[in-house]
There are 2 protein chains.
Amino acid sequence: MAMKALSKATIYQVAQLAGVSIATVSRALRDSELVTPETRERVRAAAQELQFTPSRPARSLAEGRHAANGIVFPDLVGPYYAEVVLGYEATAAALGSSVLILATNGRRDPAAAVRELAGRVDGLTVMGRTVDDEVVAGIASTGLPVVLLARDPVDGVDTVRAGNTNTARALAEHLLEHGHRTITFLGDPDDSPDVAGRYAGLKAALPSKKARLTLVRGNGLDLDAGCAAAPEILASEPDAVVCANDEVALGVLLAAEEAGLRVPEDLAVTGWDDLLAARFAGLTTVRQPMRELGATAARWLDKRINESPSERTAARRRILATEVVTRRSCGVHEEVHP
Amino acid sequence: MAMKALSKATIYQVAQLAGVSIATVSRALRDSELVTPETRERVRAAAQELQFTPSRPARSLAEGRHAANGIVFPDLVGPYYAEVVLGYEATAAALGSSVLILATNGRRDPAAAVRELAGRVDGLTVMGRTVDDEVVAGIASTGLPVVLLARDPVDGVDTVRAGNTNTARALAEHLLEHGHRTITFLGDPDDSPDVAGRYAGLKAALPSKKARLTLVRGNGLDLDAGCAAAPEILASEPDAVVCANDEVALGVLLAAEEAGLRVPEDLAVTGWDDLLAARFAGLTTVRQPMRELGATAARWLDKRINESPSERTAARRRILATEVVTRRSCGVHEEVHP
DNA sequence: GTGAAAGCGCTAACAT
DNA sequence: ATGTTAGCGCTTTCAC
């Protein structure tokens, strides 16, 4: 007496079992007003018994919408992206959307992957340097709502990002106050719009008369990249090294220690992101609202998806505030941020 | 001369433009052998011009598959889940699947959310304590391939997890060697199968004659939970506190410092996960292959999705190896793990 | 090699 | 309040 796996019940089977038409089943299950409580109950029972769940593709095809949206990021490695995605998922969920994720790193054809994703969703959030402006513009011109996250704006498309320039300036000033004059920036501005913004801000805040700024691009934004870049950095004998993010800064910290350098006495180091590890490493860094970045993108996207063509507003831009978090690594202080 | 947004080209429009039938378009675009190179080219051109992308729902409906799979986790907070999800996405992508993610925390009805997700995918990975065995069994009985991750097995369903018991034992022995006898475990075994396993392993390895083990459940697995639980922990005046994960251990570290206790001299602390922060906090912990957990789940799921009913094999179980990473926080050593 | 037509499982008019 | 029916856009026999 084998128990057959009830592969897929369809609306027809439910209708038959409940003794009604498929239209009624559809209504009953979606709490339409147009069904008597009794029939509704009968249908529910039948659906229950058959373990019926409406086919999503069929529904989407009929309704013309996916009830899902997507987020594309260059890479999920490291706490930064994870936090953003988390904020995104939570908000999207609250708004009734499923979320599809796509990491483009290691893809042979990122643009194609993004386009394929675009076909599965009602709206798309694009993070950082995943695809070119043209690809973004192409997708947006399809009519698909798009929100850009931590990325340079594209005409007519909403953009949310975290502040880089001003906070980089604040960081630079802080470093100058500490007496640091020979400063190295570690990070490749071509890697991401954020890195570019941080470098630009730093550069603008350090007039060449007051300080000397060297750029070391390094090879990536993770711990190993930081370690690996250390020799090149140390060669220029800087007072301070400003790193594009925390992970790379942490790598520098490790390498400096290895090299017998004391931080901050011999070398000041700063990061960006305020990861958990930064706190324990005593790393001066910049805090950015990662969850809120994701959440904002999800909210904006939802708004776009549900706005009628007539009420369509102009593209929005927002820069979320970031702040310097002062700890040991940038120089000796009286009080330190916990 | 307004430029109209080419909202949605359908296969019919492409067919018309190319002067062929929709069947031919379908074939041409999917590289069927049954089309002359010329027609294929003509169709491609038309598709290109119209920016045509096949509707995913329509395709899925016709093909009876989604070309996507899903992963459900309790919460994306903290580096642990993020790493697992990353490993999962990368592998799924390499295997040609899109991935849908779902975080059940904060959902009013996790089971419903999971079922809804199940309707969107060809296979599902369920992590930790997101839904009951019954829900899992229910979904699996539908015929939908399911893989369990970091969770107790369910009959007939594949399971991958990281080792807890043996490594907890090793950790216990290490603590005993350090002379610690009064030990507190911080973490709620009811929170997750992993925590339960870690506590059980520890308990088994600490015979009551040799040591005294106290359980403090605390309230969650993050930094704040660790800080908050500190008073209760310190009340029992333990030599060592074994924490369910790194974040909570880091919280204890902070609180201990606040209370004027030296680690490890006055109190030994250990964590679990080997987060980046653990390294910088000098925290003794357990390393687990998070990426590989996700990757394995994705691979297994793919295999299940593509296996024919005839070749269906028995449910697989695998426990990936974990290892103790010795650092400062568990007691004074000659050499420390970097 | 290509076309016609039958679904795939649902929603939403339109009828009753 | 419920049933009938026409799509939604694609894949895939089955003819030609």
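Labels below follow one simple rule: chain letters A, B, ... track the order of the sequence lines, proteins then strands, and each chain is numbered from 1.
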Worksheet entry | Upstream residue (5' side of DNA chain C) when B/Arg42 and A/Pro54 are each assigned their closest nucleotide | B/Arg42
Worksheet item: Quick one: is C/dT11 close enough that its OP1 or OP2 comes under 4.0 Å of any side-chain N or O from A/Arg65?
Response: no
Worksheet item: If you check every side-chain atom of A/Ser26, which of C/dT11, C/dA5, D/dG9 has the closest atom?
Response: C/dT11
Discussion item. Tell me whether B/Asp158 is salt-bridged to B/Lys303, with the criterion being a basic N under 4.0 Å from an acidic carboxylate O.
Written reply: no
Worksheet entry | Value in whole Å for how far the P atom of D/dC10 lies from CZ of B/Arg56 | 11 Å
Worksheet item: Which nucleotide in the set C/dA12, C/dG9, C/dT2 lies at the smallest distance from any side-chain heavy atom of B/Leu34?
Response: C/dT2
Practice prompt. May I ask you to decide whether B/Glu292 forms a salt bridge with B/Arg318, counting only side-chain N to carboxylate O separations under 4.0 Å?
Written response: no
Worksheet entry | Within 6.0 angstrom of B/Glu311 CD, more than 12 heavy atoms from elsewhere | yes
Practice prompt. Grab the CG-C1' distance between A/Leu61 and D/dC8 for me, whole Å please.
Written response: 4 Å
Worksheet item: Is B/Ser60 touching bases, backbone alone, or none of the nucleic acid, heavy atoms closer than 4.0 Å?
Response: nothing
Discussion item. Taking the nucleotide of DNA chain C with the nearest heavy atom to each, does B/Ala58 or B/Val20 sit closer to the 5' end?
Written reply: B/Val20
Worksheet entry | Below 4.0 Å: OP1/OP2 of C/dG3 and any side-chain N or O of B/Ser21 | yes
Fill in: B/Tyr12 OH to D/dT11 P, straight-line distance once rounded to whole Å
11 Å
Worksheet item: Do B/Arg129 and B/Asp75 sit within salt-bridge range, that is, some charged N less than 4.0 Å from a carboxylate O?
Response: no
Discussion item. In this structure, how many angstroms lie between the P atom of C/dC10 and the NE2 atom of B/His66, rounded?
Written reply: 11 Å
Worksheet item: How would you label the contact of B/Thr36 with the nucleic acid (heavy atoms, under 4.0 Å): base, sugar-phosphate, or nothing?
Response: sugar-phosphate
Worksheet item: What's the CD-C1' distance between A/Gln13 and C/dC10, to the nearest Å?
Response: 14 Å
Worksheet item: Can you tell me how far C1' of C/dC10 sits from CZ of B/Arg59, to the nearest Å?
Response: 20 Å
Item to complete: Return yes if a side-chain donor-acceptor contact under 3.5 Å exists between B/Arg56 and B/Ser60, otherwise no.
Response: yes
Discussion item. From C-beta outward on A/Ile11, which listed nucleotide comes closest to its side chain: C/dA4, D/dC10, C/dC10?
Written reply: C/dC10
Practice prompt. Measure from the side-chain heavy atoms of B/Thr24 and tell me the nearest of C/dG3, D/dC10, D/dG9.
Written response: C/dG3
Discussion item. Would you say that more than 12 heavy atoms from the other residues, nucleotides or ligands in this model lie under 6.0 Å from the CD of A/Gln13, or not?
Written reply: yes
Practice prompt. Give the rounded distance in Å between these two atoms: CG of B/Leu29 and P of D/dC10.
Written response: 10 Å
Fill in: Candidate nucleotides C/dT2, C/dT11, C/dC10, ranked by approach to the side chain of A/Thr10 - the nearest
C/dC10
Worksheet entry | Phosphate OP1/OP2 of C/dA12 contacted by A/Arg30 side-chain N/O (<4.0 Å) | yes
Item to complete: Could you check whether A/Arg27 gets within reach of a base, just the sugar-phosphate, or nothing at all, counting any heavy atom under 4.0 Å?
Response: base
Fill in: 5' priority, DNA chain D, between B/Ala23 and B/Pro57 [closest heavy atom]
B/Pro57
Worksheet item: Expressed in angstrom and rounded to an integer, what is the separation of B/Glu63 atom CD from C/dC8 atom C1'?
Response: 11 Å
